[in-house]
Amino acid sequence: MSTMQPQNNMNTGQNMNMTGMQAQATDTKHGGHELMDVHEVLSCAVSTMDQYLLFGQMAKDPELKDMINRQHQFMMDCYNITAECFKSGMNPSHHTTRYAMTQSNDVVYGLTPSEPKKPKMNASEIGDQCITNYMLGLMKAEAGIKTKAALEVTNPVVRRVIADSVPNTIEMAYEIFQYQNKHGYYQVARLDQQDMNTLINSFVPTGSTLQ
């Protein structure tokens with residue numbers, strides 16, 4: 001009997017350790033890689049919103065100011081629900097909403113001569129065109145960071161919230177592009193008709209089933 005006692009104690013200790021490990025696994029709301037990626041998403045969002053505050057003060061065009069304010073308000077709400085579900089691991093207080101841009105979908109094609117670009121030498125040279133360039137760069141960066149994070153998130157709620165925010169970020173980027181294009185800040189080159197047709201017709205649908 002005495003030789004069996006240490007074995008029983010050992011098994012009891014192992015069972016307690018296994019129970020603790022299982023409880024820890026059940027209580028965990030996020031994976032390690034996920035924590036780093038979502039932390040980057042939220043940090044990037046804070047940085048973007050802070051810069052939008054500066055853009056709102058610097059912008060001259062009322063239309064641009066309105067777009068900055070609308071996008072800033074939308075980003076704040078997206079940030080709040082992402083931070084909320086990241087902290088709780090549960091559904092946020094409301095669902096992700098859809099961003100509705102006010103710019104039209106009309107694009108002006110073609111290039112017209114303009115002054116060559118170069119770095120500014122004085123902050124006073126920064127105008128609306130520069131501001132929209134900065135905004136578009138921020139949206140492109142956020143879209144990439146959010147997409148990458150959504151592929152790594154293990155918590156289903158946080159993954160869905162971040163994934164749902166990607167189309168909204170793309171929509172805001174497109175609204176900025178439309179504004180730039182309308183004002184001649186972002187010109188869109190176009191191939192001649194023959195080259196366009198060649199590229200368009202270079203792919204055809206495939207069969208619906210494997211052979």
key: Spatial distance of atom NZ (Lys140) from atom CD1 (Ile170) [nearest 0.5 Å]   = 12.0 Å

inquiry  = Working note: Tyr174 + Gln178, criterion side chain to side chain donor-acceptor pair (under 3.5 Å); need CA distance, chi angles, decisive distance, verdict.
reply    = CA-CA 6 Å; Tyr174 190 67; Gln178 287 287 0; 2.7 Å; yes

query = Distance from Gln73 atom CD to Tyr52 atom OH, nearest 0.5 Å?
reply = 12.5 Å

query = Side-chain contact, heavy-atom cut-off 4.5 Å: Val161 with Glu84?
reply = no

ask   = Quick one: does Asn181's side chain have a donor or acceptor within less than 3.5 Å of a partner on Val107's backbone?
value = no

Exercise: identify the closest heavy-atom pair between Ile145 and Cys44 = CD1-SG, 3.7 Å

inquiry  = Are the side chains of Asp128 and Tyr185 in contact, using a 4.5 Å heavy-atom criterion?
reply    = yes

task = Check whether Met58 and Tyr179 end up in the same hydrophobic cluster, where Ile, Leu, Val, Met, Phe, Trp and Tyr are linked by side-chain heavy atoms less than 4.5 Å apart.
result = yes

message = If hydrophobic clusters are built by linking Ile, Leu, Val, Met, Phe, Trp and Tyr wherever their side-chain heavy atoms come under 4.5 Å apart, do Tyr79 and Leu53 end up in the same one?
response = no

query = Where is the tightest heavy-atom contact between Glu152 and Glu34, given as atom of each residue plus distance?
reply = O-CB, 4.1 Å

remark   = For Ala149 and Asp37 the tightest heavy-atom approach is CB-CB, 3.9 Å

ask   = Does any N or O in the side chain of Lys146 come within less than 3.5 Å of the main-chain N or O of Ile162, such that one atom is a donor and the other an acceptor?
value = no

key: Test item: Asn122 side-chain N/O and Glu125 main-chain N/O as donor-acceptor pair under 3.5 Å   = no

ask   = So do the side chains of Val108 and Lys182 get within less than 4.5 Å of each other, counting heavy atoms only?
value = no

ask   = Between CD of Gln57 and CD1 of Ile68, what distance do you get to the nearest 0.5 Å?
value = 10.5 Å

inquiry  = I'd like to know if Met75 and Val41 are part of one continuous hydrophobic network [Ile/Leu/Val/Met/Phe/Trp/Tyr, side-chain heavy atoms within less than 4.5 Å].
reply    = no

query = Do Gln103 and Glu63 come close enough that some side-chain heavy atom pair is under 4.5 Å?
reply = yes

key: Straight-line distance of Arg190 CZ to Tyr109 OH, nearest 0.5 Å   = 6.0 Å

note = Here the pair of heavy atoms bringing Gln187 nearest to Ser114 is NE2-OG, 4.0 Å

query = Is there a side-chain contact between His72 and Met49, using heavy atoms and a 4.5 Å cut-off?
reply = yes

key: Stepwise side chain to side chain contact (heavy atoms under 4.5 Å, CB included) test for Tyr134 and Gln51   = CA-CA 9 Å; Tyr134 306 151; Gln51 291 178 75; 5.8 Å; no

note = Between Pro92 and Val157, the two heavy atoms sitting closest are CD-CG1, 3.9 Å

ask   = Any side-chain heavy atom of Thr48 within less than 4.5 Å of one from Met139?
value = yes

ask   = With distance as the sole test, does Asp66 use its side chain to make a donor-acceptor pair with the main-chain N or O of Pro62 at under 3.5 Å?
value = no

message = Take a 6.0 Å sphere around CE of Met76 and say whether it holds more than 12 heavy atoms from other residues, nucleotides or ligands.
response = yes

message = Assess, by modelled atom type and distance only, whether the side chains of Thr169 and Glu142 contain a donor and an acceptor separated by less than 3.5 Å.
response = no

request  = Look at the side-chain heavy atoms of Ile, Leu, Val, Met, Phe, Trp and Tyr, link any pair under 4.5 Å apart, and say whether Leu199 and Met196 land in one connected group.
outcome  = yes

query = Any idea which heavy atoms bring Ala59 and Leu64 closest together, and the distance?
reply = CB-CD2, 3.9 Å

query = In terms of heavy-atom contacts, does CD of Gln194 have more than 12 from other residues, nucleotides or ligands at under 6.0 Å?
reply = no

query = Between Phe177 and Tyr186, how do the two ring planes meet: parallel, tilted or perpendicular, split at 30° and 60°?
reply = perpendicular

request  = Using the side chain to side chain donor-acceptor pair (under 3.5 Å) rule, take Asp77 and His94 through it: C-alpha gap first, then chi angles, then the decisive distance, then the call.
outcome  = CA-CA 10 Å; Asp77 182 67; His94 66 80; 2.9 Å; yes

key: Salt bridge flag under 4.0 Å for residues Glu40 and Lys148   = no

inquiry  = Starting from Met135, can I reach Ile126 by hopping between I/L/V/M/F/W/Y residues whose side chains sit under 4.5 Å apart?
reply    = yes

inquiry  = Between Phe86 and Asn155, is there a side-chain heavy-atom distance shorter than 4.5 Å?
reply    = no

task = Take Leu191 and Thr198 through the test side chain to side chain contact (heavy atoms under 4.5 Å, CB included) and record every step on the way to the result.
result = CA-CA 11 Å; Leu191 299 179; Thr198 298; over 6 Å; no

ask   = Got Cys85 and Arg160 here, is their nearest side-chain heavy-atom distance under 4.5 Å?
value = no

Reported OG1-to-CD distance for the pair Thr102 and Glu175, which is rounded to 0.5 angstrom = 4.5 Å

ask   = To the nearest 0.5 Å, what is the distance between CZ (Phe74) and OG (Ser165)?
value = 8.5 Å

